[in-house]
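First the structure, in the form of structure tokens, and then the observations on it.
Values below: all heavy atoms of this structure, side chains included; hydrogens, waters and symmetry mates excluded. Convention: sequence-line order gives letters A, B, ...; per-chain numbering from 1.
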Amino acid sequence: MAERFPTRICGVTLDLIALFDLFGVFVFAISGALAAVRKDMDIFGVTMIALFPAVGGGTLRDIILDVPVFWVVDTTPVWVTFAAAVISFFLSPLLESRLRVLIWADAFGLALFAVLGAGKALDATGSVLIAVMMGVATGVVGGMIRDVVCNDLPLVLRREIYATAAFAGAGTFCLLRGLNVQEDISLWVSVAGAFAVRAAGILLGLSLPRPPR
Amino acid sequence: MAERFPTRICGVTLDLIALFDLFGVFVFAISGALAAVRKDMDIFGVTMIALFPAVGGGTLRDIILDVPVFWVVDTTPVWVTFAAAVISFFLSPLLESRLRVLIWADAFGLALFAVLGAGKALDATGSVLIAVMMGVATGVVGGMIRDVVCNDLPLVLRREIYATAAFAGAGTFCLLRGLNVQEDISLWVSVAGAFAVRAAGILLGLSLPRPPR
Amino acid sequence: MAERFPTRICGVTLDLIALFDLFGVFVFAISGALAAVRKDMDIFGVTMIALFPAVGGGTLRDIILDVPVFWVVDTTPVWVTFAAAVISFFLSPLLESRLRVLIWADAFGLALFAVLGAGKALDATGSVLIAVMMGVATGVVGGMIRDVVCNDLPLVLRREIYATAAFAGAGTFCLLRGLNVQEDISLWVSVAGAFAVRAAGILLGLSLPRPPR
């Protein structure tokens, strides 16, 4: 899933998708760090909790697929998480006042994680079903672990559309790949789709129908 | 652990144990889906929570044994879980009114999961200790994850005999295998034993003695 | 990480570090077993919960590093955990009255687990960052799982220095190894350092500063 948009800046080759992926890690790490700051934890506790949403979902995905865990192979996401933790620790009042911005950044991270996770699983197993499941897991499981460890009401129990957006992104990506659409287009269309679904949940307070009683 | 009771129906060769195993997955999935429905989650949330009890214990077992995760190799259990989630979502009032039936189905699933999990671990490691532990994990851990994620009082904290039944089944199976009893007999005697222990817990409200104070 | 201090007692070669490691397992297992006894669980439940702190952190470490899970390779820690569970089950009032002693034993276990975990990860990956992270995970994650499953306030949310001590131990060990200090010295200096940090937390009620508000 790498080296699609290589760009050269100051002699350094940059991969746009990898950059966006690290942005997702950064945003998810902030969500964990702020939850830990709210619980009055120290800098080490904040860093540890930040790791759960930032790399937890992808770690579970890699373990289930039996491929090397991504942040053991390349530790950049860990350093990005550390940076997010330190920033959150010292600037939490500022960040909390920007919660609205963070929700949108989180929506983008969710969309990207779900699609990239599905892509990695599709490459590893060739199974659309496993790809969609791993896409949802990459996007959602890290936040679940954060909530469970922090004793917060788990994210998945909240009413707003969330896992559904991950599902939409992962599903769209597998569909477009199955139709042999060019990979970059598949990727960004799927990310946009997942983001749009999540945005509908945020903006309209939209939620899927609940079970009949 | 396959192809013991091959039966032919309409030209399709069926493996009885695999069928029963899928029945266990189905019943465990319903337990997760109903817990999610009670939390007022949408269909994607219900499906995700259904996966925890249905495949969570076996997933942990396979990861610890470092063998391929069973539902990545053969996705049938995932489809069965999806079916259980959809049925639970739309028919939850009906299922809730049949809770008594579900408890017995769950007891059967627990017994079968524990014995099949022990068998798989025994084949993989040759260690009776690891086999018994993995049998209990296969039967019990999925439900624990479901309860933790759903913010319910964890199953293992409830008074009734539960883990004990899994232990009885896994232990009996290893004992009978050690005595070179024919594999099918070992399997069904152990399942019956685990089921009987759990039944005693359900019917008589029986529980093992608590620690002296 | 083995066979450094081989000692012969009655013709049996003993490895001091392995012995201390098992002592750590024993103490961590007691912490889990006592939590389970407080929840009024039966002997099988107590044993299961005892396993989480005793082997949970190291299990996660081994799975992430993709090396064989340590207690599947050598089941001694499992038997030690069983012994701790049985002792805790029958002697919980005695142990509860010795809580002060247990806190110090736990501090030693934490220090040793963090350092040995870091050493194992350093050998497996060569990365100091991964080593420090796996050291902290080995020391802290098992207790987190115990608290989450038992519905207790997670350890990491408590104010006292805890993860910080694991970090100090794992970090010191990596530093000394990087300076080519002899391995036994690195090990014991790091363990002493982690223990001292934790001791400061216990004795002085010391905690790191919390985030600015």
Which of residues 63-73 of chain B have a heavy atom under 4.5 Å from any heavy atom of chain C?
B/I63, B/I64, B/D66

Minimum heavy-atom distance between B/A50 and B/A85, given as atom pair plus value
CB-CB, 4.2 Å

Contact origin within C/T75 toward chain B - heavy atom pairs under 4.5 Å
both

Can you run down the ring pair (Phe, Tyr, Trp, His ring centres under 6.0 Å) pairs that involve residues 113-144 of chain C, sequence neighbours left out, and say none if there aren't any?
C/F28-C/F113

Non-hydrogen atoms of C/R198 and C/A107 that approach each other most closely
CG-CB, 3.5 Å

Output field: ring centroids C/F20/C/W188 closer than 6.0 Å
yes

Heavy-atom count check: over 12 atoms from other residues, nucleotides or ligands less than 6.0 Å from B/W104 CH2?
yes

We want to know whether C/Y162 and C/D106 form a side-chain donor-acceptor pair, criterion being a heavy-atom distance below 3.5 angstrom.
yes

Given a strict heavy-atom distance threshold of 4.5 Å, which part of C/L51 is in contact with chain B: side chain, backbone, both, or neither?
side chain

Would you say the side chain of C/M133 lies within less than 4.5 Å of the side chain of C/L129, judging by non-hydrogen atoms?
yes

